[in-house]
Amino acid sequence: MLTTATAKAAGKAIPVALLGASGDLAKKKTFPALFGLFRNGHIAPTTRIIGYSRTKIDRPDYLKRISQYIKNTSDPQVKAMLDRFLDQSTYVSGLYDQDSGFQQLEHELKRVEQETGAQDRLLYMALPPSVFIPVATGLKRNCYTTKGINRLIVEKPFGMDLESSRVLSKALAALYREDEIYRIDHYLGKEMVKNIMILRFSNQIFRSCWDKDHISNVQITFKEKIGTEGRGGYFDEFGIVRDVMQNHLFQILSLIAMETPASLNAEDIRNAKVDVLRAIPEVIESEVLLGQYGRSEDGTLPSYLDDETVPKGSKQATFAAAAFHINNPRWSGVPFVLKCGKALNQQKVEIRIQFKDMGEGLFHKNDMARNELVIRVQPDEAVYLKMTQKLPGLGMETVMSELDLSYASRFTNLSVPDAYENLILDAILGEQSNFVRSDELDEAWRIFTPVLHKIDRGLVPVETYPYGSRGPEKVADFIARFGFERHQQEYSWPETSQTRVAKEGSPDSISKL
Ligand code: NDP
Ligand code: BG6
């Protein structure tokens, strides 16, 4: 599939206009992703990148910004490709609310189209949401081609709540058709998130147990080790629920929970996702746990409020856990618990599907761990199934172990592409299944808006947790409330080791029959 897709894109000359080219996202993600596609021949060698923003930047400085986050530039082959990529990159400085700048951009677009014979255009708004509409308007008025297809990429966040998101959607809909709008949620471009549909719908073993009769609860966890360091101004306006849970984690939830789509067509997939969202009632305050990080226990790492970019006394949540219920025949009674936080003890994103207990009979409950299917999104992409096995030896002792597919050891000669590479390639190809449709967005906001308004009014308590901890103390009780069970056997997934047994030397790791 990928080979066909990249071959199609590789033959297709398309200029990319990157609005907000002076910004953080452009520098860290968009330019490196575009270069990754260019270097690996996934997009046409004639691809032209035109940056646009208000800052006046001279050419050497602009080229430095483009290259700053590109890796392996000391390799002569990479360096040669980069030189070519830079040669084909240009920059236009202009305002976001006046036609003159967009007219210059149009001039540059026409120039490169003449050179390359390109007809379609990719217009990427790597900008703060406050300027989405003026920029989309300026682009429509001045840079909308009638010769080919216009594709407009919009970054998150798409609004602050249901009402503001609808205002944004309505304003965009007045300018562009839905099939021209590509709302990015970069989690949809992550390898393991894209893998969910394949795991679910091409393996009989999962198809047959993916429901309330077999599954006790589902947990989707996002943990970051760093705090908001320097991004506090942006973050404080949104908070962790809007920044991560309502979009990234909810996209994962809908892929885990949706019914089988009628086909792999973008509309069929997105219809299936919207259907499952419709079956989810609004999240309620008593099923939400919020936290904000304080200083680390040893006092060396700063609290959220120590960040100079955070308003004094802010009550904004940097940690949230919430439970969601899906009222349909497949999932009724199975809680989906979403957890996300900054300044925690670990860096990881994972999906944990915990199966129901095995009935007792031959074996006692304490000798059988619950089965858990874990999809490790990042880092160290993996899928593993926790299960009870016989401990090798003369006895009949049980041990918790796993069937393990670790990408690093299984796919040694393949690399996992960056999420933005995946999504930009999809947008160039006009493939919309990994972009968020407006009704999907509407449903997600419907579910979150009432509780978000209570959070905004300070009506939901925010517990403090130490920087570098597992989150607020109440988190263990919170997830236990929704049926998550930690087995008594001490167990940790052996991320690098070849051993497939529970932690060595731990007396609790082996249960005797
Ligand atoms: P920046 O704050 O770096 O803004 C991008 C550019 O927009 C700036 O270089 C600036 O360009 C212009 N700009 C900034 N503030 C304003 C303003 N108030 N009014 C008008 N123009 C402004 O943002 P990011 O690059 O970090 O993010 C861009 C978009 O991508 C946002 O929607 C963000 O939520 C999203 N995003 C960012 C991620 C990241 O890692 N940075 C990750 C995921 C999503 P100039 O002044 O030169 O015009
Ligand atoms: C962004 C959020 O959308 O996703 C950030 O704004 C968060 O706060 C980031 O850190 C996480 O993305 P990734 O790809 O690093 O997991």
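Order of appearance sets the numbers: ligands from 1, and atoms from 1 within every ligand. Bear in mind the structure is a predicted one, so any value in this text is a computation, not a measurement. All values below come from the heavy atoms of this structure, side chains included, with hydrogens, waters and symmetry mates left out.
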Taking heavy atoms and a distance under 4.0 Å, where does F235 meet ligand 2: side chain, backbone, both or neither? neither
In terms of relative ring orientation, are F35 and F85 parallel, tilted or perpendicular, with 30° and 60° separating the classes? perpendicular
Can you check which of F238, F132, Y96 brings a heavy atom nearest to atom 48 (O) of ligand 1? Y96
I need the single residue from R121, R111, K140 that forms a salt bridge (Lys or Arg N to Asp or Glu O under 4.0 Å) with E106. Which is it? R121
Could you tell me whether ligand 1 has any atom less than 4.0 Å away from a heavy atom of Y124? no
Looking at non-hydrogen atoms alone, which of E224, K29, R231 comes nearest to atom 5 (C) of ligand 2? R231
Between F448 and F324, does a ring-ring contact (aromatic ring centres under 6.0 Å, His included) hold up when you go through it step by step? CA-CA 10 Å; F448 280 92; F324 300 86; 5.4 Å; yes
The atoms of ligand 1 lying under 4.0 Å from a heavy atom of Y420, numbered in the order shown, are 43 (C)
Looking at atom 3 (O) of ligand 1, tell me if a protein heavy atom falls under 4.0 Å from it. yes
Do T55 and ligand 1 have an N or O pair less than 3.5 Å apart? yes
Looking at atom 38 (C) of ligand 1, what's its closest protein heavy atom, distance included? L25 CD1, 3.4 Å
For D243, the atoms of ligand 2 under 4.0 Å from one of its heavy atoms are 2 (C), 5 (C), 6 (O), 8 (O)
Using a strict 4.0 Å cut-off to heavy atoms of Q378, name the atoms of ligand 2 that fall inside it. 13 (P), 16 (O)
Contact atoms of ligand 2, heavy-atom distance to H248 under 4.0 Å: 1 (C), 3 (O), 4 (O)
Identity and separation of the nearest protein heavy atom to atom 1 (P) of ligand 1: D24 N, 4.3 Å
With distance as the sole test, does N72 use its side chain to make a donor-acceptor pair with the main-chain N or O of D75 at under 3.5 Å? no
protein heavy-atom neighbour closest to atom 18 (N) of ligand 1 works out as S130 OG, 4.3 Å
Contacting atoms of ligand 2, where contact means under 4.0 angstrom from a heavy atom of K342: 5 (C), 7 (C), 8 (O), 10 (O)
Quick check: does any side chain N or O of T318 sit under 3.5 Å from a backbone N or O of K342, one acting as donor and the other as acceptor? no
With the threshold set strictly below 4.0 angstrom, can you tell me whether any protein non-hydrogen atom sits that near atom 7 (O) of ligand 1? yes
How about D456 and R242: do any of their side-chain heavy atoms sit closer than 4.5 Å? yes
Proximity of Y96 and F102 rings by center, below 6.0 Å: no
For atom 31 (C) of ligand 1, what is the closest protein heavy atom, and at what distance to 0.1 Å? L127 O, 3.3 Å
Quick one: sort the Y182 and F435 rings into parallel, tilted or perpendicular, breaks at 30° and 60°. perpendicular
Please could you name the atoms of ligand 2 that K156 approaches to less than 4.0 Å, counting only its heavy atoms? 1 (C), 2 (C), 3 (O), 6 (O)
Could you tell me whether the side chain of K339 reaches within less than 4.5 Å of the side chain of I220, counting heavy atoms only? no
Looking at Y187, does the NZ or CZ of K190 lie under 6.0 angstrom from its six-membered ring centre and within 45 degrees of the ring axis? yes
Within the 4.0 Å heavy-atom shell around V131, which atoms of ligand 1 are there? 19 (N), 20 (C)
Among non-hydrogen protein atoms, atom 36 (N) of ligand 1 lies closest to E155 OE1, 3.8 Å
Side chain, backbone, both or neither: the part of R54 lying under 4.0 Å from ligand 1 by heavy atom: both
Taking the side chain as everything from C-beta on, heavy atoms only, tell me whether T90 gets closer than 4.5 Å to R48. no
Quick one: which ligand 1 atoms are inside 4.0 Å of a heavy atom on A126? 5 (C), 28 (C), 29 (C)
Is it the case that ligand 1 has an N or O less than 3.5 angstrom from some N or O of R231? no
On the 0 to 90° scale, with breaks at 30° and 60°, tag the Y407-F411 ring pair as parallel, tilted or perpendicular. perpendicular
Sub-4.5 Å side-chain heavy-atom contact between T221 and L249: no
R151 vs I149 side-chain heavy atoms within contact, under 4.5 Å: yes
Please work out whether the ring planes of Y304 and Y293 are parallel, tilted or perpendicular, with thresholds of 30° and 60°. perpendicular
Counting each atom of ligand 1 from 1 as listed, which ones have a heavy atom of P128 under 4.0 Å away? 4 (O), 7 (O), 13 (N), 14 (C), 15 (N), 16 (C), 22 (C)
Would you say the ring centroid of H248 lies under 6.0 angstrom from that of F222? no
For atom 12 (O) of ligand 2, what's the nearest protein heavy atom and its distance? H186 NE2, 3.1 Å
Return the residue, atom name and 0.1 Å-rounded distance of the protein heavy atom closest to atom 16 (O) of ligand 2. Y187 OH, 2.4 Å
Under 4.0 Å from a heavy atom of K156: which atoms of ligand 1 are those, numbered in the order shown and with their elements? 31 (C), 32 (O), 33 (C), 34 (O), 35 (C)
What part of S22, side chain from CB on, backbone N/CA/C/O, both or neither, has a heavy atom under 4.0 Å from ligand 1? both
